[in-house]
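I have placed the structure first, in the form of structure tokens, so that the comments after it can refer back to it.
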Number of protein chains: 6
Amino acid sequence: MSKEQVFPYEECPEGFEGPIWRFSGNPVIKRHPTKKASRVFNSSVIQYGDGFIGIFRGDGNDDIPHLYVGCSKDGVNFDISDKRIIFEDEKGNILPETGYQYDPRLIPLEDKYYIVWCDDFCGPAISIAYTTDFKKFIKFDYPFLPCNRNGVLFPRKINGHYYMLSRPSDLGHTPFGDIFISESDDLIHWGRHKLVARSGYEWWCALKIGPGPTPIEIEDGWLLLTHGVNRTCNGYVYSIGGMILDKNDPSVVKYRCKDYLLTPEEDYETVGFVSNVIFPTSTIVDKESGRIAIYYGCADTYTGLAFSTIDRLVKFIKENAR
Amino acid sequence: MSKEQVFPYEECPEGFEGPIWRFSGNPVIKRHPTKKASRVFNSSVIQYGDGFIGIFRGDGNDDIPHLYVGCSKDGVNFDISDKRIIFEDEKGNILPETGYQYDPRLIPLEDKYYIVWCDDFCGPAISIAYTTDFKKFIKFDYPFLPCNRNGVLFPRKINGHYYMLSRPSDLGHTPFGDIFISESDDLIHWGRHKLVARSGYEWWCALKIGPGPTPIEIEDGWLLLTHGVNRTCNGYVYSIGGMILDKNDPSVVKYRCKDYLLTPEEDYETVGFVSNVIFPTSTIVDKESGRIAIYYGCADTYTGLAFSTIDRLVKFIKENAR
Amino acid sequence: MSKEQVFPYEECPEGFEGPIWRFSGNPVIKRHPTKKASRVFNSSVIQYGDGFIGIFRGDGNDDIPHLYVGCSKDGVNFDISDKRIIFEDEKGNILPETGYQYDPRLIPLEDKYYIVWCDDFCGPAISIAYTTDFKKFIKFDYPFLPCNRNGVLFPRKINGHYYMLSRPSDLGHTPFGDIFISESDDLIHWGRHKLVARSGYEWWCALKIGPGPTPIEIEDGWLLLTHGVNRTCNGYVYSIGGMILDKNDPSVVKYRCKDYLLTPEEDYETVGFVSNVIFPTSTIVDKESGRIAIYYGCADTYTGLAFSTIDRLVKFIKENAR
Amino acid sequence: MSKEQVFPYEECPEGFEGPIWRFSGNPVIKRHPTKKASRVFNSSVIQYGDGFIGIFRGDGNDDIPHLYVGCSKDGVNFDISDKRIIFEDEKGNILPETGYQYDPRLIPLEDKYYIVWCDDFCGPAISIAYTTDFKKFIKFDYPFLPCNRNGVLFPRKINGHYYMLSRPSDLGHTPFGDIFISESDDLIHWGRHKLVARSGYEWWCALKIGPGPTPIEIEDGWLLLTHGVNRTCNGYVYSIGGMILDKNDPSVVKYRCKDYLLTPEEDYETVGFVSNVIFPTSTIVDKESGRIAIYYGCADTYTGLAFSTIDRLVKFIKENAR
Amino acid sequence: MSKEQVFPYEECPEGFEGPIWRFSGNPVIKRHPTKKASRVFNSSVIQYGDGFIGIFRGDGNDDIPHLYVGCSKDGVNFDISDKRIIFEDEKGNILPETGYQYDPRLIPLEDKYYIVWCDDFCGPAISIAYTTDFKKFIKFDYPFLPCNRNGVLFPRKINGHYYMLSRPSDLGHTPFGDIFISESDDLIHWGRHKLVARSGYEWWCALKIGPGPTPIEIEDGWLLLTHGVNRTCNGYVYSIGGMILDKNDPSVVKYRCKDYLLTPEEDYETVGFVSNVIFPTSTIVDKESGRIAIYYGCADTYTGLAFSTIDRLVKFIKENAR
Amino acid sequence: MSKEQVFPYEECPEGFEGPIWRFSGNPVIKRHPTKKASRVFNSSVIQYGDGFIGIFRGDGNDDIPHLYVGCSKDGVNFDISDKRIIFEDEKGNILPETGYQYDPRLIPLEDKYYIVWCDDFCGPAISIAYTTDFKKFIKFDYPFLPCNRNGVLFPRKINGHYYMLSRPSDLGHTPFGDIFISESDDLIHWGRHKLVARSGYEWWCALKIGPGPTPIEIEDGWLLLTHGVNRTCNGYVYSIGGMILDKNDPSVVKYRCKDYLLTPEEDYETVGFVSNVIFPTSTIVDKESGRIAIYYGCADTYTGLAFSTIDRLVKFIKENAR
């Protein structure tokens, strides 16, 4: 762990040739991090002040997930609140708590911090809220109809419009999943939906493919980490994939990596509440150096940290594009 | 069949006490009505000029459904075109034909005629188009993400907004289905989605409930016909139900009838390509007399016609509300 | 229809060689026999006074089944009540109505009339009640745990014990089903359960086999009509089968007919709410002549009547025993 | 029915424009044609002597199918034996009866009559036998491994080899099905398997496509009738399709008709043991006139007869080829 | 491990705040404890003489489970017999061995030791036997019809009747499960069945809830440990839950803990023949101190031991009751 | 690891009584053995020159499996090529690569080395190729129709014919599986298929049973290792079984072991891409000493090595035969 800076990072192990390497101190969040949450995973972290802040999925002792705020000085050790996030509507009324909330993405956009997660709207549905201080959270109306479990905003307007990636689903364990993009001018009304990427082609994403962390703007496009799902006779396997979208028209996939970037191989990834799952939900990027820290859920049980650089990821994706 | 008027209607048979009675000349569209379509059903008809016009679902000899224009002088005998409807985009470019189109609703709204149907958008999805002359059809971008099969617009703006009812679904035969309402200011971008009615409670709609024809404005609300689905060991059974929505906030159900209004019982309803299906898609209302003609698909094979009056339906729904 | 007697019967059509022949006036109960019940089927009738009385399954206009009393002078034309049966507990308290009740058997036993049906006890479960006047119905505690849908009592004690046949099931459409027998001394506590007959062997009962009407005592045993279920790619097919049980130990099958006795072939059996179902639930026997009238549900829509004689059935079962 | 000749035929009804028309006397075999078989369908007929002979699928009163010989003077009225076909092996030993036999094809080839059907070989499997006199039947070893339900031989060697079309399947109701071709020099050892046609493209054959009667040699290829299967929420629908294979390399599809040629529409096709099934298994061709009589199973209950001409079928298939 | 007493116990680790803590020497029974049994789990232990005795589920090298007697001096190290338990009927006849036996509960009741387990009675079914010396085992007739897999007796009569808790199931992996209670006067005939607790509410028991060890009598009721099942895309997860039943009417749940008490987290619980399963089957209680030792199956592979006290469990359940 | 010889072997651990013991250095092939293959398992090794050669299943970073050549000096440490095997047809034309190739068996037979594996032929299908130098690989036409995933040749002709064992399957995860045997004179045309062994009887092979490595000729027959599959609520469990086939008629099973020989118990077997799988694909036999080295896939992730002797296996199978 580099001590010279606040950015959580480890250099690539010598001789390692893959696109992403794991943090030697994984998992960074272990079982029972708080009294309320026996498992914290699929959560999102950003730089904030001189440290880090995040929105965390915490599965209670009843297995039901809710959202919590957490903060950290080093991006590795987190102090997670025991109080669930409470949402208000646009008029300031406290909203009643819905049945569950999970898999949040946290996106700085213009002068606000947006949270996009899966909420209970007569079925799993994408929900959007924003905060400016991580104390008060304003929740909008649901942007899409159910069922949909994975949404993430682009970090800036493109050609004057907001964009969101998402993966429509069903009521159960959803044996299908493609990435779509939607457009909006007010973050309330959404339209001009387009297909971005279908599952299939390779086996690691044969069943589903979905968007991971908020896309990272790079010189010639948007770098998007994804999750892909393979189905074995013993259940689903979730890996991390990558693609590069067109800068001006992010519905266009310029490069889609045919290989996964990381697949469950360590004990804390292959064994847990849902074994064989790695699920990326946020990245922190050091623009100067191009270093990337990736936060990802492990086996629906732990939070893991992995590293790469923009150049390395882009090179790997381009060289291994379909 | 009353010959004294252009409105298709038969008086209620003596002694009949149900809310809806069938046309004695059913089915009004039999097998092979055109060379291209071996089965025409789930189609919508409106009054137009001194006669009637409709958008028809025609299943080809490959079982694939497409949309056709048809017209009629009496609302009973239809002349259906052999040419599939061709859509243009908003700029006037001819759009390539999608894989299928089915279950259209036809809604006069402001100075245009809107068609809402299920189209092939990487899965079944709601599509909207309009026409002013039934020759040129302008198709908008898809209003929602897939999967969704049953959409219908309200026939006027309410409090300055457009509204659509729809029933999200999945890729297969969809063992669930609830009615949602969505709002828009431009018919392109949609949001503020709300649940209107869940399936369940009674058995006839235990599996799904979905919106039928465009809601009918009545004195104290909106009269909505629905389809409800029960699942037996030998397949799905589709019946017709009814509810009354609040006039100013149509997401609020004021009365929901616990009994079906009509269920498959006649030969042309219980036997066909998909047996035991009746599926209402349009109504014609004579405002003065309150008479209603209901067009409904029969066994995914025929088009049927049935009658009632506004007063009779409203009374039945209120008396049998849950 | 023989007019010379009160027993509902028609002689066997000339040249007909099967074990059971249908009534020429079938179905005896058509759609909408009462305002409350749109379909009456799977119901049981006995001789009572100088006519007939029965407990009827009536599916409401919400598709939910409840039980009704009905009576008849000739066993063919029935007058069915519009009021659901209300049950009391053993102390005389009116019981709240459960979610549904269906497929009743009606068994005269000692000085009472017992009704055994499928009730809603956190899943489908056998229920027992008795009446002496068909006005007041005393319901016992449930004899078995759920799930079980088809129970019938023997019409007398055997070796000093009461016996019931039943078919355990599951929460859904139950792709299995065998006949078991249980013993009791008080009709409340049941035990000494034994297997009587498994599904399988022949195709017509490959999926399930269950008990039909109350067993008929014959010279050398108990004549039991059954329902057997085959599963096609288009759903379940229910036929009528037969077996003869040992007189002193009715858990022993002495003869099991490998062929069905009757299978859905007439329009009112092959088309309806659940097509291709015939389901026997009661018989009336003229002891002197050996004539049998069989009441059976048709396509979960109609009630049918069919005839045979004890000698003919016994001979057919023995000659075609496995 | 033309009385002037022994060939079973009716002229095309005036104004009828489809490729195939039904016999006005359908179904030619009704329920209970023999004491042993309550339903005879999916059976094959050829010209034989001055009349006709066939191999018939007869479902017993236990629902289990076996094979029977039947003959006819006019090709319409059949006299079907009550004795199941008994098979011998190549050495003349009587073979024990297998669990079931169904859906036979009957193919004159060189100096013998070959029967190809689905037999019970630890799962459904193709079986081949031959006869020269319809009294003695020599059964070969199974040509393929299970599971496979529909096989048919070409009526002559092509380039010195025998060929068979078949449709591999699974143990259940098989939600997939493609046509393959296999080659042999001795009708015992089979190899060089190739795919001929996949299910899909159109909806009527979206789930499965399989070979029907033995291919008919035409001027520029082989005319093949097929069965195609669509899956609705109420079960499978079987239609008749057509394609033309290359004369010298019958693994090559030259024309595949995108529309079905006939689909279940008459009562005896849409209602029965398995509703909505038509299934062609043999044709008789009058070479001079080009007239074709098609025998096909109806609803797994009846045998139907339909007509066309070679020119009409070829023209329709070519004009509607994908 | 406390050496000062024969009661198997370890004090709660400092700082640990959960309701139950694991034994530091887990698992107490590892793979291959005997030559006949490669996995011993879901087994029950009681205090007996100056040591302990138990009935053990041992899965053979054919994966089939049978029951064995085992004993221990310290409740931690067990000596398990290699000879399967042989049962006699009430008349002393040796009973033929059934196909399998599993998940035994062992209950001292009056002057006998009762075993309740899942046996093969044409499907999984509850079985009861008793012993007085652990050498001779008298098996009763099956108390309920199949299917049912988890039964446990109360340790004394309540208001003069015996009571059993159980969880009806189906033939497969049973995607449902509720707790019922049944009453008997002779342990042979059972009736007055009532629902105790349904699955659902919280996610950890969303699919099933079933009874664990025999209820523990406490001051104001019966303390019942349960198993609850959640379903992930990678299979079922079994946790331990708790509730308190009314002392005089144990069909009444006074407190139902909304959180699980323990969930699979250790390697020997999350990995094994069936990963992510913990399944409590017996407890030993030291009445004076209130200490509890809980024996539970781990991953259908190992036997684990965990501890708590009555006060701690009761307090936790009450404080976290729904 | 014995260093005194080139044969990979370890003596049986003292006191160990099972039929097969694992190599202490397992797994012999760990994750990421090459840049192209992240997991190598289900692969086959033979003695070749003074060392060993094998055909390896390597799952790429896209999860898709392909075949690679690898060699070893000691049978434990392998050098696996990074270049996929390229196949030619019988005329020397390079064949286009199919979608996937997996689970190869490698069989010396006459003067060639044959490879039998599962290939993509419109579904999983058995494929055969041969090589003489492990550089050029000649692929035959597919021996069987799809679907089939596990084929293995006998190592010599029997009575003048070639024989292959295989396990027909379906398109998905195949909930059934039996072993069949087929005969050929040219390895191209196959026939005279017979059933060898059905799944079932014991639980460890209740769902499927399939052939493992090429059969080993022993004094009185053929020793066949198999894989058997049990289905738990958390997925499939694959164990190793054994049987002895008749020497002259290998379709006859002389002894079938009712217990598994080895079941997943070590970490590298119980945790991985598909947990709880051990899958034997090749053996090396030292004829003089009778020592056997077994290569087997572990958790679809690693390659393991285990040992036994012919005498020990034969004795165990015979003593534990059903």
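Each chain gets a letter, A, B and so on, in the order the sequences are listed, and its residues count up from 1.
- Interface check for chain A: of the options F:Thr301, F:Val277, F:Val237, F:Val274, the most heavy-atom pairs under 4.5 Å are formed by F:Val274.
- Of the listed residues (A:Cys233, A:Gly235, A:Cys257, A:Ser239), the one with the most heavy-atom contacts under 4.5 Å to chain F is A:Cys233.
- A parallel orientation is assigned to the rings of F:Phe87 and F:Trp117, their planes being inclined by less than 30° (bins at 30° and 60°).
- Salt bridge status for F:Lys139 with F:Asp119: present, with a side-chain N to carboxylate O gap under 4.0 Å.
- Of the charged side-chain nitrogens involved, at least one lies within less than 4.0 Å of a carboxylate oxygen, so that A:Glu11 and A:Arg291 count as a salt-bridged pair.
- Interface residue F:Phe273: backbone and side-chain heavy atoms are both found under 4.5 Å from chain A.
- Remark: F:Arg149 does not engage F:Asp103 in a salt bridge, criterion side-chain N to carboxylate O under 4.0 Å.
- Proximity to chain A is absent for every atom of F:Arg231, based on heavy atoms less than 4.5 angstrom apart.
- Ion pairing between a basic and an acidic side chain is recognised when a charged N comes within 4.0 Å of a carboxylate O; A:Lys258 and F:Asp62 show no such pairing.
- The part of A:Glu17 that comes within reach of chain F is its side chain, from C-beta onward, which places non-hydrogen atoms under 4.5 angstrom from that chain.
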